[in-house]
Amino acid sequence: MSTTIRTLLSATALTATAFAASADTITIATVNNGDMIRMQGLTDDFTAKTGHEVEWVTLEENVLRQRVTTDISTKGGQFDLMTIGMYETPIWGANGWLVPLNDLSAEYDVDDLLPAMRNGLSHDGTLYAAPFYGESSMVMYRTDLMEKAGLEMPKAPTWEFIREAAAAMTDRDADINGICLRGKAGWGEGGGIITVTANSFGARWFDEDWNAQFDQPEWKAALTFFSEMMAESGPAGYATNGFNENLSLFQQGKCGMWIDATVAASFVTNPNESTVAEHVGFALAPNHEGVEKRANWLWAWALGIPAGTQKEAAAKQFIEWATSKDYIELVAANEGWANVPPGARTSLYENPNYQAVPFAQMTLDSILAADPNNPTVKPVPYVGIQFAAIPEFAGIATDVSQEFSAVYAGQQTVDEALAKAQAITTDAMEAAGY
């Protein structure tokens with residue numbers, strides 16, 4: 001063997017040894033949504049580039065929120081990365097529970113993140129979580145069923161039109177529900193859709209003095225409308241349906257309309273997953289006649305690093321991989337442009353390849369229409385659209401959503417649920433010192 005070859009082999013061995021010595025295994029908690037499942041399938045690319053291995057803990061949305069909240073608040077140290085959102089991030093950042101992301105590389109290009117996403121995941125101007133994808137809510141509907149009903153979906157429909165169309169598209173004999181909406185308890189599950197529906201009816205969670213507002217007529221109008229429409233045209237058992245359950249129903253052709261996260265568009269239009277992929281249209285989330293606010297939310301599923309992790313460097317490398325422009329290109333190469341993580345980067349919406357995706361512009365329009373600083377018709381003391389960005393909200397809203405789910409299940413009346421919601425919220429806010 002020549003000296004040159006021997007030297008090259010020795011250098012390669014030393015590099016591999018150093019690479020292995022510096023490698024970590026990081027544990028990531030994430031939600032069981034399709035984009036996250038896809039990310040797990042591409043993790044070998046991260047390992048090949050960095051040497052780091054990844055262990056995944058994949059959980060249903062409500063369970064994920066409970067687990068990561070408990071872990072970070074008790075300094076449990078189970079996770080090196082957590083999938084969190086716009087509600088938790090600023091609060092946890094302010095508490096010192098998250099590692100600041102103020103030293104990401106120039107190649108990562110933080111300034112390319114959509115301002116709505118960057119601002120929602122920051123505290124005092126410091127980014128504390130990086131958006132994997134961003135979303136608002138919009139109407140996804142069956143164009144064939146709408147045509148069969150003799151109706152045409154406006155770009156900006158009202159709730160009154162949605163209810164009319166839902167009734168017209170419902171065909172119980174064919175197992176087609178005119179509309180599918182979340183009824184599952186949980187502040188971010190059924191709680192999210194009923195809160196933005198209430199916003200669009202002129203309701204709010206609190207007045208400017210932090211008084212609960214469930215005893216006001218706007219909340220009664222919204223909850224009554226929602227529960228009556230779903231009883232008329234929704235699926236049986238919708239009180240236990242969340243995002244994934246409704247996605248499955250829509251893909252199976254059992255929903256005329258679905259109002260939910262814009263990120264679902266790639267799944268309902270994917271012919272490998274959806275039986276109705278060729279017949280899906282999109283519209284802005286609805287408003288109640290005479291009310292300017294629409295039922296659209298603003299959210300990002302993002303990656304944050306809990307303070308105290310022993311693997312901060314590797315966790316930041318994963319963030320730079322998973323939320324980068326290169327990752328978008330990787331997904332596009334493997335799955336097509338329609339399936340890349342949406343709503344996080346400005347450059348994506350400037351890309352001609354993505355501009356050709358049928359739901360791209362409606363997603364961006366929906367995100368830009370959401371204003372977390374002015375979420376309601378009447379003034380409020382909180383920031384957030386489908387949530388109020390205060391630490392107490394998650395617990396209060398989870399309990400309130402359970403009362404609303406009981407209405408959907410026929411276990412109590414609208415008036416009974418709203419009275420309980422008023423008492424739950426008032427007691428909790430007084431106990432918290434508001």
Side-chain angles (χ1 to χ4, degrees), residues 61-62 64-74 82-98 100 116-129 185-199 202-216 218-219 222 293 296-302 304 306-307 370-404 418 420-434:
E61 185 171 326
N62 287 337
L64 172 76
R65 289 194 165 109
Q66 292 169 356
R67 286 277 299 275
V68 299
T69 300
T70 299
D71 189 67
I72 202 164
S73 61
T74 61
M82 296 174 166
T83 305
I84 56 179
M86 287 186 170
Y87 168 67
E88 301 94 345
T89 301
I91 296 171
W92 294 0
N95 287 348
W97 293 354
L98 295 170
M117 301 303 156
R118 191 169 68 244
N119 295 338
L121 296 168
S122 297
H123 171 68
D124 282 349
T126 297
L127 189 71
Y128 281 95
W187 72 263
E189 278 279 12
I193 187 65
I194 192 59
T195 294
V196 295
T197 301
N199 291 345
R204 53 187 175 168
W205 268 80
F206 305 102
D207 68 12
E208 290 180 283
D209 296 317
W210 294 104
N211 297 306
Q213 297 294 289
F214 294 103
D215 57 357
Q216 298 302 301
E218 294 89 351
W219 261 107
K293 290 292 177 185
N296 58 323
W297 62 61
L298 188 68
W299 186 253
W301 277 120
D371 184 359
N373 294 311
N374 295 284
T376 55
V377 174
K378 298 176 182 177
V380 291
Y382 55 87
V383 172
I385 300 177
Q386 75 277 26
F387 59 85
I390 56 173
E392 296 78 14
F393 180 81
I396 295 170
T398 296
D399 291 344
V400 167
S401 73
Q402 290 169 349
E403 300 301 335
F404 292 167
L418 290 172
K420 291 177 181 177
Q422 181 73 13
I424 288 167
T425 307
T426 299
D427 290 348
M429 294 298 280
E430 288 180 354
Y434 282 81

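- With Gln213 contributing its side chain and Ala203 its backbone, the two residues share no donor-acceptor pair below 3.5 Å.
- Side-chain atoms of Ser401 come within 3.5 Å of backbone N or O of Thr398 as a donor-acceptor pair.
- Note: Thr425 OG1 to Phe206 CZ = 6.0 Å, rounded to the nearest 0.5 Å.
- In plain terms, the two heavy atoms of Gly120 and Pro90 that are nearest each other are O-CG, 3.5 Å.
- Between Tyr382 and Phe393 there is no side-chain heavy-atom pair separated by less than 4.5 Å.
- Side-chain atoms of Tyr87 do not come within 3.5 Å of backbone N or O of Phe387 as any donor-acceptor pair.
- For the residue pair Thr426 and Ala212, the shortest heavy atom distance occurs at OG1-CB, 3.7 Å.
- Contact record, Thr74 with Thr70: OG1-O, 2.6 Å, taken as the closest heavy-atom pair.
- Counting all heavy atoms, side chain and backbone alike, Gly186 lies closest to Asn62 at CA-OD1, 3.8 Å.
- The minimum heavy-atom distance linking Ala300 with Leu121 is given by the pair CB-CD1, 4.1 Å.
- Atoms CE and OG, on Met117 and Ser122 in that order, are 12.5 Å from each other to the nearest 0.5 Å.
- The heavy-atom pair separating Thr126 from Pro100 by the smallest distance is CG2-CB, 3.8 Å.
- Between the side chain of Trp219 and the backbone N or O of Arg204 there is at least one donor-acceptor pair closer than 3.5 Å.
- Within the 4.5 Å cutoff, side-chain heavy atoms of Leu64 are placed close to those of Trp301.
- Checking side-chain atoms of Asp124 against main-chain N and O of Gly93 turns up no donor-acceptor pair under 3.5 Å.
- How far OH of Tyr128 is from CD1 of Ile84: 11.5 Å, rounded to the nearest 0.5 Å.
- Identified under the salt bridge (Lys or Arg N to Asp or Glu O under 4.0 Å) test for residues 84-95, with sequence neighbours left out: Arg65-Glu88.
- Taking the side chain as every heavy atom from C-beta outward, Asn296 and Ile385 never approach each other to under 4.5 Å.
- Rounding to the nearest 0.5 angstrom, the gap separating the CD atom in Gln402 from the CD1 atom in Ile424 is 8.0 Å.
- Using bins of under 30°, 30° to 60° and over 60° for the plane-to-plane angle, the ring pair Trp92/Trp97 lands in the tilted bin.
- Here the side chains of Thr195 and Trp205 are in contact, with some heavy-atom distance below 4.5 Å.
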With side-chain contact (heavy atoms from CB on, under 4.5 Å) as the criterion, how do Trp297 and Ile193 come out once you've worked through the C-alpha distance, each side chain's angles and the decisive distance to 0.1 Å? CA-CA 8 Å; Trp297 62 61; Ile193 187 65; 4.2 Å; yes
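- Of the possible donor and acceptor atoms, one in the side chain of Lys293 sits under 3.5 Å from a partner among the backbone N and O of Asn374.
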Return all side-chain donor-acceptor pairs below 3.5 angstrom for residues 427-434, not counting sequence neighbours, or 'none' if the list is empty.
| from | atom 1 | to | atom 2 | distance (Å) |
| --- | --- | --- | --- | --- |
| Tyr434 | OH | Glu392 | OE1 | 2.7 |

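- Residue Ile72 holds its CD1 atom at 8.5 Å from OG1 of Thr69, rounded to the nearest 0.5 Å.
- The backbone N or O of Lys420 sits nowhere less than 3.5 Å from a side-chain atom of Glu403 that would complete a donor-acceptor pair.
- For the atom pair CG (Leu298) and CD (Gln386), the distance works out to 7.0 Å, reported to the nearest 0.5 Å.
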